[in-house]
Colleague: 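There's a structure below that I have some questions on.
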2 protein chains.
Amino acid sequence: MRKIGIRDVALLADVSNGTVSHYLNHPDRVSAEKAERIQRAIDTLGFVPNSAGRQLRLGRSNAIAYLAPDVSNPFFSSIAEGVEKRAAESGLSVFIANTHADRAREDAYLQMFEQHRVRGMLIASYEPIEDRLAQVRSRGTPAVLFGRPVEGTDLPYVAVDEVLGGRLAAQHLIDLGRQRLAFIGGPLGIKQVGDRLQGASDAVRESGSATLEVLNIPDRTIAGGKAVARELLARPVPLRPDGIFAVNDLLAIGILQTLIRGGVRVPDDVALIGYDDIEFAASSIIPISSIRSPHEVFGIAAVDLLLGVIAGDAEDIEVVYEPELVVRDSTAP
Amino acid sequence: MRKIGIRDVALLADVSNGTVSHYLNHPDRVSAEKAERIQRAIDTLGFVPNSAGRQLRLGRSNAIAYLAPDVSNPFFSSIAEGVEKRAAESGLSVFIANTHADRAREDAYLQMFEQHRVRGMLIASYEPIEDRLAQVRSRGTPAVLFGRPVEGTDLPYVAVDEVLGGRLAAQHLIDLGRQRLAFIGGPLGIKQVGDRLQGASDAVRESGSATLEVLNIPDRTIAGGKAVARELLARPVPLRPDGIFAVNDLLAIGILQTLIRGGVRVPDDVALIGYDDIEFAASSIIPISSIRSPHEVFGIAAVDLLLGVIAGDAEDIEVVYEPELVVRDSTAP
DNA sequence: TTGAAAGCGCTAACAT
DNA sequence: ATGTTAGCGCTTTCAA
């Protein structure tokens with residue numbers, strides 16, 4: 001099958017393999033004449049360098065890895081864009097892996113990429129991954145996390161202030177005059193979810209008058225939103241919340257659609273705000289207010305941070321962005 | 001940094017490096033006692049095998065590649081699920097690459113994966129890629145295409161019958177009594193788009209009475225759908241189509257939302273059908289009828305086909321699925 | 001069951 | 001400017 005190596009090229013071009021290698025890596029150090037002979041030989045033979053050989057010799061690859069729980073979630077794929085873009089600028093390839101928020105798969109990929117000796121890993125995970133990562137890092141593969149790691153780690157990370165995001169969302173509903181708020185999302189054990197609830201609950205407490213009900217559901221999807229909205233519809237009207245903060249936009253989309261079909265007026269009867277500001281939120285039948293975190297710039301920042309760590313520029317080991325309130329019709333005054 | 005190799009393990013375990021390798025690859029051929037010593041040494045040292053070394057020795061990697069134009073499109077990410085699943089069952093890793101429908105990026109990834117000596121590539125592309133792939137294949141890396149390749153290639157592929165899909169969609173609108181159909185989508189040069197239009201146009205012609213207007217737009221996104229729907233709204237009512245076939249669901253979602261906001265009743269005034277049956281189509285405010293192609297099974301089939309090609313089981317070189325009409329409220333009678 | 005040793009394809013001294 | 005050569009880490013005969 002694939003048999004053509006650098007020596008075949010050298011043979012055909014009638015030079016030494018060292019010269020071919022030079023031509024490949026330092027074209028300026030090869031005479032024009034031989035350069036042409038070599039190029040012709042490469043074309044004739046269909047030579048493609050074997051990266052395993054190069055990598056083995058160099059002791060390192062030129063790839064980084066990006067692990068995300070769900071690449072089909074627009075949030076993570078936007079990050080991927082930024083990552084690829086910046087990596088390409090630095091001459092690095094990116095291996096993307098879809099972990100499906102599954103620990104076993106995360107572990108498998110961690111292992112695989114470590115075996116491949118990637119230069120570093122960028123990791124987004126719902127699962128606590130700090131421990132497993134610590135081992136990988138101690139063996140020499142640097143990593144950058146998306147999202148704030150648990151206390152007590154020195155993991156570099158890129159994050160948004162989720163607590164602030166939660167606060168912004170709840171405060172917005174309160175400013176609208178809503179008093180019976182509901183937080184919909186879960187599992188609360190997930191850091192992002194817990195942080196957003198924390199922020200929301202802070203805002204509610206400080207308001208002195210509003211109340212916050214928590215609907216802890218396992219599934220942050222459109223289907224999950226529909227299901228929980230059906231429960232809401234089953235309640236007598238006075239017991240329904242008048243302001244809903246859905247912990248992500250998918251959930252909000254599902255909730256919105258079911259509420260509307262149930263005859264609830266949004267935002268008049270119930271104001272609704274999501275989180276993440278994915279494209280589908282803006283293009284929903286009633287555009288949904290949301291909390292926007294940086295997406296693409298997120299990926300860029302992570303690559304920069306990783307490169308910094310690799311280069312040994314210890315400097316800042318964390319980058320935190322502030323989320324931003326995006327008001328749309330679902331919470332229009 | 002990463003210095004621990006098989007020899008270090010061998011040294012610490014007081015065996016030869018060959019024995020360590022045996023333990024790694026054929027554990028049954030190593031005595032229990034040494035096996036334990038080796039394992040202990042591995043743990044102590046934190047040894048992680050270097051896949052470059054293995055790959056170089058073996059002459060092949062154990063990874064395949066999946067190139068898709070847009071992983072954030074649920075259609076392609078569903079395929080990815082199937083691919084990963086089946087690949088894992090066969091002990092293969094999958095490298096996912098996002099080409100952004102950009103030829104240069106496709107080429108870059110093609111080259112990169114060829115250099116990495118992947119076992120094979122699975123490729124979804126809007127661009128004609130057959131020629132470039134031919135070279136790769138001739139050098140020994142097999143490939144399987146998603147979607148029917150241009151005539152005259154022997155590229156193995158997995159596809160759905162897009163012409164049939166287009167026909168099903170249009171026929172459904174016609175069966176509903178719609179006479180002034182509009183096909184919305186483009187660019188027509190893209191195979192899938194052209195094929196779907198072909199099928200729709202066949203159905204219209206055979207109906208003998210219906211007409212088909214083509215709105216050729218460059219952008220198959222929600223935003224694109226909104227834009228074209230605004231054009232429709234600007235028309236006098238009698239000049240609007242009474243049945244719309246959007247070439248994909250994203251487009252249909254955008255169209256639906258703008259039409260509804262414009263006071264058009266769906267499906268009463270205009271019946272609307274999309275294509276792909278992504279999750280968002282079913283969960284739209286008015287669930288959108290669509291043409292469903294197999295998604296996950298698609299990825300599975302592609303891997304199987306690739307494995308077949310690798311193994312040399314020439315058998316069938318093409319797998320074609322039939323799409324299926326999914327009727328929802330947007331075309332309810 | 002275990003060890004010794006050759007070599008996969010490549011790069012980078014070093015020598016010329 | 002070009003050639004020679006020694007490995008990078010691993011697997012796998014082949015012997016013992």
Side-chain angles (χ1 to χ4, degrees), chain A residues 1-39 41-42 45-62 112 114-119 139-141, chain B residues 1-39 41-42 45-63 91 112 114-119 139-141:
Chain A
M1 155 147 144
R2 176 76 44 54
K3 312 185 61 70
I4 292 140
I6 209 172
R7 331 174 73 114
D8 302 289
V9 175
L11 202 64
L12 181 58
D14 192 31
V15 297
S16 80
N17 49 4
T19 305
V20 176
S21 178
H22 272 142
Y23 171 70
L24 259 21
N25 300 292
H26 311 280
D28 45 312
R29 297 191 200 157
V30 171
S31 74
E33 186 217 358
K34 307 225 167 182
E36 202 201 301
R37 290 223 306 270
I38 292 172
Q39 184 56 54
I42 288 175
L45 261 25
F47 166 74
V48 175
N50 181 329
S51 62
R54 151 177 299 193
Q55 179 175 332
L56 186 55
R57 175 66 231 224
L58 260 33
R60 60 196 170 78
S61 77
N62 62 160
M112 160 178 154
E114 197 178 359
Q115 293 184 175
H116 276 271
R117 297 296 189 267
V118 295
R119 295 278 263 283
R139 288 185 221 110
T141 305
Chain B
M1 165 143 142
R2 177 75 46 53
K3 310 188 61 74
I4 292 140
I6 209 172
R7 330 172 76 114
D8 303 288
V9 175
L11 202 64
L12 181 60
D14 193 31
V15 297
S16 80
N17 49 5
T19 305
V20 176
S21 178
H22 272 141
Y23 170 69
L24 259 20
N25 299 291
H26 312 280
D28 45 313
R29 296 190 200 157
V30 172
S31 74
E33 187 216 356
K34 308 224 167 186
E36 203 201 301
R37 291 222 306 270
I38 293 172
Q39 184 56 54
I42 287 176
L45 262 22
F47 166 74
V48 175
N50 182 329
S51 63
R54 149 176 302 192
Q55 181 177 329
L56 184 55
R57 176 66 233 221
L58 260 32
R60 59 194 170 82
S61 77
N62 60 161
M112 160 178 155
E114 195 178 2
Q115 293 184 175
H116 275 272
R117 299 295 189 269
V118 295
R119 296 278 263 281
R139 288 185 220 110
T141 305

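In what follows, chains are A, B, ... by sequence order, proteins preceding strands, each numbered from 1.
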Colleague: Can you measure A:Q115 atom CD to D:dC8 atom P for me and round it to whole angstrom units?
Modeller: 20 Å
Colleague: Who pairs with A:S16 by side chain to side chain contact (heavy atoms under 4.5 Å, CB included), at least two apart in sequence or on another chain?
Modeller: A:T19
Colleague: Without decimals, in angstroms, what is the distance between B:H116 NE2 and C:dC8 P?
Modeller: 21 Å
Colleague: Tell me, please, which residues at least two apart from A:S21 pass side-chain hydrogen bond (donor to acceptor under 3.5 Å, both in side chains).
Modeller: A:N25
Colleague: The helix from C:dT1-D:dA16 to C:dT16-D:dA1: angle between its terminal axes, five pairs each, to 10°?
Modeller: 30°
Colleague: For each nucleotide in nucleotides 11-16 of chain D, reading 5' to 3', give B when a protein heavy atom comes within less than 4.0 Å of its base, S when such contact involves only the sugar-phosphate, and - otherwise.
Modeller: BBB---
Colleague: Can you list everything that forms a side chain to side chain contact (heavy atoms under 4.5 Å, CB included) with A:R57? Sequence neighbours excluded, please.
Modeller: none
Colleague: Heavy atoms under 4.0 Å, any strand shown: does B:F47 hit a base, just sugar-phosphate, or nothing?
Modeller: sugar-phosphate
Colleague: To the nearest Å, give me how far apart CG (A:D14) and P (D:dT2) are.
Modeller: 12 Å
Colleague: Whole Å only: how far is the CD1 atom of A:I4 from the P atom of C:dC10?
Modeller: 11 Å
Colleague: A:N50 has an atom CG; how far is it from atom C1' of C:dG7, in whole Å?
Modeller: 14 Å
Colleague: Run the side chain to side chain contact (heavy atoms under 4.5 Å, CB included) test against A:N62 and tell me which residues pass, sequence neighbours left out.
Modeller: A:L92, A:R119
Colleague: Please identify each residue that fulfils salt bridge (charged side-chain N to carboxylate O under 4.0 Å, His left out) with A:R37, with sequence neighbours left out.
Modeller: A:E33
Colleague: Check the distance between C:dG9's C1' and B:E114's CD and give it to me in whole angstrom.
Modeller: 15 Å
Colleague: Over how many whole Å does the gap from A:L56 atom CG to D:dG9 atom C1' extend?
Modeller: 5 Å
Colleague: Kindly state each residue pair satisfying salt bridge (charged side-chain N to carboxylate O under 4.0 Å, His left out) with at least one member in residues 4-32 of chain A, sequence neighbours excluded.
Modeller: none
Colleague: Residues in side chain to side chain contact (heavy atoms under 4.5 Å, CB included) with B:E36, at least two apart?
Modeller: B:R40
Colleague: What closest approach, in Å, do B:Y23 and B:A35 show between heavy atoms, and which atom pair accounts for it?
Modeller: CE1-CB, 3.8 Å
Colleague: Using atom CZ of A:R60 as one end and atom P of C:dC10 as the other, report the distance to the nearest whole Å.
Modeller: 17 Å
Colleague: Strictly distance-based, threshold 3.5 Å: is any side-chain N or O of B:S51 a donor or acceptor partner for the main-chain N or O of A:Q115?
Modeller: yes
